[in-house]
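See structure below.
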Amino acid sequence: MRFLDLAATSAAVGATSGRRAKVELLAAALRSLDPAEVPAGAGYLAGELRQRQTGVGWASLRDLPPPAAEPALTVAAVDAAVDEIAAVRGPGSQARRRELLGRLFATATADEQRLLVGLFSGELRQGAQAGLLADAVARAAEVPLAAVRRALLLAGDLREVAVAALSGGAAALAAFGLQVGRPLAPMLAQSAPTVDEALAATGTPAVVDVKLDGIRIQVHRSGQDIAVFTRSLDDITGRLPEVVAAVRALPARELVLDGEAIGLDAAGRPLPFQETSSRAARRTTPSTTGGTAVAPAVLAAAERTGQAVLTPYFFDLLHLDGTDLIDLPGRERWAALAGAVDPSLLVGRMEVDGPEQAGAAFAAAVDAGQEGVVVKDPDAPYDAGRRGSAWVKVKPRHTLDLVVLAVEWGSGRRQGWLSNLHLGARDPRTGEFVMLGKTFKGLSDELLRWQTERFLGLAVEKGDWVVRVRPEQVVEIAFDGVQTSSRYPGGVALRFARVVRYRDDKSAAEADTIDAVRAIHAGRPTG
DNA sequence: CGACTCTGCCCC
DNA sequence: GTTCAGT
DNA sequence: ACTGAACGGGCAGAGTCG
């Protein structure tokens, strides 16, 4: 298949607002792919490259050669070119990658270049991703949508599912059961501002789990083979030897566990997320020589340098010794979990009848330095990949009145509007403002329109990207916490900042101070 | 060597 | 990660 | 209810440069 035809489909999908019409366009393109091109081509239609990492990002896509006048690329040729680019490594690789990338783009027409940029950057923005492509696969292969969805969530790989559906139909899809050793999409939680509202969504009685601020882990065990996967289904087994050891010590032969890995201090209180993250992101250590014994080396180096040792805590069990549990009610899965795992490895959990007990559980979790709670419906099955009302998370929320220092022009559907706010706290010693981070969240279209006019009126420097303003507009900002920052001048930054409302009743001189922010920082876990 | 930029279906 | 808009 | 798109801070690792 010509790559140009995929580019045309992508453009048409992007120009279509209706979901059904998008699916129709994608299905038609899927049908015209050669069987050998399905893995790459189906991914392109969902905005994904077959190669997970290419070493190419926004910076490499800034200066591109002029487009070709005539199309010459096929889907297979693009896939081969990306393969070659992704394989480049070592000294001289940046120049080599740049050369190969330039050659690919010089062969592409303007429309094809647009699709390539979207694929390499990971931001195709055609209004269709893997979820919609599942619909298109069902349509093209004439199989039930539910079968495609289920296969996608259990296989975690769009391309394999597309190949199976288009070549083997419903029978091939049925073969995608839960498989020990192969990650499935983890179940997600909705968010609620209070435990009362969470309880209203789940119903009562409910179960309240402590929410740990660490790394989501899905651990598979088959005999002595143990694998640890992240929320995005990446294999991080080599980075978490503590987790492997803990699961190896369990009596069960086959397990699929869902939980969280987190670093603790000497007193057993949780470390700030940054410290857990630092340990979990470490692959090797300087002292690691061959790489054969990477995992023990990671652990030894962590202990030697005083880095956090991560501890796993589990809250669900999806498979036990030959039996799949995902379709069972939560209370049955959790009973099986309690029987399979040492109590010290279980997430803190309380069964509650109503708001009073749930509120007490939430207060206790926060008091212990934890991130919050997840309220769960004990009758619900494990809905892989879904963010339904069966699980609802609740976290404490801080708010501060900050001052807007600058605003960035938006892109995509926010093009032409001032969008991303630079936020500052007042420094009472200097009268200046200390930048703490940015946010673009919590802004309705109406508010975007209002603030564009407002900040152009306050502008002191109108750049193409950033508009600097007189520090006069106060805005109420909600956020989850304060973290240590090497980027911002105050040494602190807000986590998950979002706009609550503009405060036209307050002047900048009445805005909250950097001291107030530092006080919150000092009060965080092990701060 | 250290300082820097860029990347990551990164983690949250 | 959170939030808003569109279907 | 679900999907997609707006974009946040911080981390380690790889490669480049002076």
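Small disclaimer: the values here were computed from a predicted structure and weren't measured. Proteins come first, then strands; the chains are lettered A, B, ... in the order of their sequence lines, and each starts at number 1.
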*asked:* side-chain contact (heavy atoms from CB on, under 4.5 Å) for V373(A) and K393(A)? Distances and angles first, verdict last.
replied: CA-CA 6 Å; V373(A) 296; K393(A) 61 184 161 189; over 6 Å; no
List, one per line, each side-chain donor-acceptor pair under 3.5 Å for residues 269-276 of chain A, sequence neighbours excluded.
unit_1  : atom_1 : unit_2  : atom_2 : d
Q274(A) : OE1    : T484(A) : N      : 3.3
Q274(A) : NE2    : T484(A) : O      : 2.7
T276(A) : OG1    : G263(A) : N      : 2.9

Taking only side-chain N and O atoms of [X], does any of them lie within less than 4.0 angstrom of OP1 or OP2 on [N]?
X: K393(A); N: dT2(C); answer: yes
X: T16(A); N: dT7(C); answer: no
X: T54(A); N: dT7(B); answer: no
X: S277(A); N: dC10(B); answer: no
X: R62(A); N: dC6(B); answer: yes
X: R495(A); N: dG9(D); answer: no
X: S278(A); N: dC11(D); answer: no
X: R283(A); N: dA12(D); answer: no
X: R231(A); N: dG1(C); answer: yes
X: R498(A); N: dT2(C); answer: no

*Taking side-chain hydrogen bond (donor to acceptor under 3.5 Å, both in side chains) as the test, write out the residues that go with E476(A), two or more places apart.*
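For E476(A), the residues satisfying side-chain hydrogen bond (donor to acceptor under 3.5 Å, both in side chains) (neighbours in sequence not counted) are R501(A).
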In whole Å, measure the gap between the [atom1] atoms of [N] and [M] for me.
N: dC7(D); M: dC12(B); atom1: C1'; answer: 14 Å
N: dG10(D); M: dG8(B); atom1: C1'; answer: 13 Å
N: dC11(B); M: dT3(D); atom1: C1'; answer: 23 Å

*Write out the stems for DNA chain D, ordered by first number and formatted as range with range, counting runs of at least 3 consecutive Watson-Crick or G-U wobble pairs under 3.5 Å.*
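In DNA chain D, stems of three or more pairs: B:1-8 with D:11-18, B:10-12 with D:8-10, C:1-7 with D:1-7.
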_Quick test of your reading: applying side-chain hydrogen bond (donor to acceptor under 3.5 Å, both in side chains), list the pairs with at least one residue in residues 181-190 of chain A, sequence neighbours left out, ordered by first then second residue._
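Non-adjacent pairs meeting side-chain hydrogen bond (donor to acceptor under 3.5 Å, both in side chains): E160(A)-R182(A).
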*Pick base, sugar-phosphate or nothing for A281(A), based on heavy-atom distances below 4.0 Å to the nucleic acid.*
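Here A281(A) touches the backbone only, sparing every base.
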*For S60(A), which contact category applies under a 4.0 Å heavy-atom criterion: base, sugar-phosphate, or nothing?*
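Contact class for S60(A): sugar-phosphate only.
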Partners passing side chain to side chain contact (heavy atoms under 4.5 Å, CB included) against [X] (at least two apart in sequence or in another chain):
X: K441(A); result: T439(A), R498(A)
X: V366(A); result: F362(A), P396(A)
X: A162(A); result: V38(A), A42(A), V137(A)
X: T194(A); result: D196(A), E197(A)

*Who passes ring pair (Phe, Tyr, Trp, His ring centres under 6.0 Å) against F176(A), sequence neighbours left out?*
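None.
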*Selection from dA5(C), dG1(C), dG10(D) that lies nearest to any side-chain heavy atom of D445(A)*: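 Of the options given, the side chain of D445(A) lies nearest dA5(C).
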_Among dC6(B), dT7(C), dC12(B), the one nearest D213(A) by side-chain distance_ =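 Selected nucleotide (nearest to the side chain): dC12(B).
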Atom pairs and distances, donor-acceptor, side-chain atoms in residues 486-496 of chain A, under 3.5 Å, two or more places apart:
unit_1  : atom_1 : unit_2  : atom_2 : d
R495(A) : NH1    : D213(A) : OD2    : 2.7
R495(A) : NH2    : D213(A) : OD1    : 3.3

Please write out the pairs of protein N or O atoms and N or O atoms of nucleotides 16-18 of chain D separated by less than 3.5 Å, giving the distance to one decimal.
unit_1  : atom_1 : unit_2 : atom_2 : d
dT16(D) : OP1    : G92(A) : N      : 3.1
dT16(D) : OP1    : S93(A) : N      : 3.2
dT16(D) : OP1    : Q94(A) : N      : 3.2
dT16(D) : OP2    : G92(A) : N      : 2.9

_Can you confirm if the aromatic rings of F120(A) and W58(A) lie within a centre distance of less than 6.0 Å?_
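No.
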_If I take atom CG in residue D234(A) and atom P in nucleotide dC10(B), what distance separates them, rounded to the nearest angstrom?_
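So the two atoms are 6 Å apart, to the nearest Å.
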*Nearest-angstrom distance from the residue atom CG of L212(A) to P of dG1(C)*: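 So the two atoms are 13 Å apart, to the nearest Å.
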*Produce a footprint string for nucleotides 1-7 of chain D: one letter per nucleotide, 5' end first; B if the base is under 4.0 Å from any protein heavy atom, S if only the sugar-phosphate is, - if neither.*
-SSSSBB
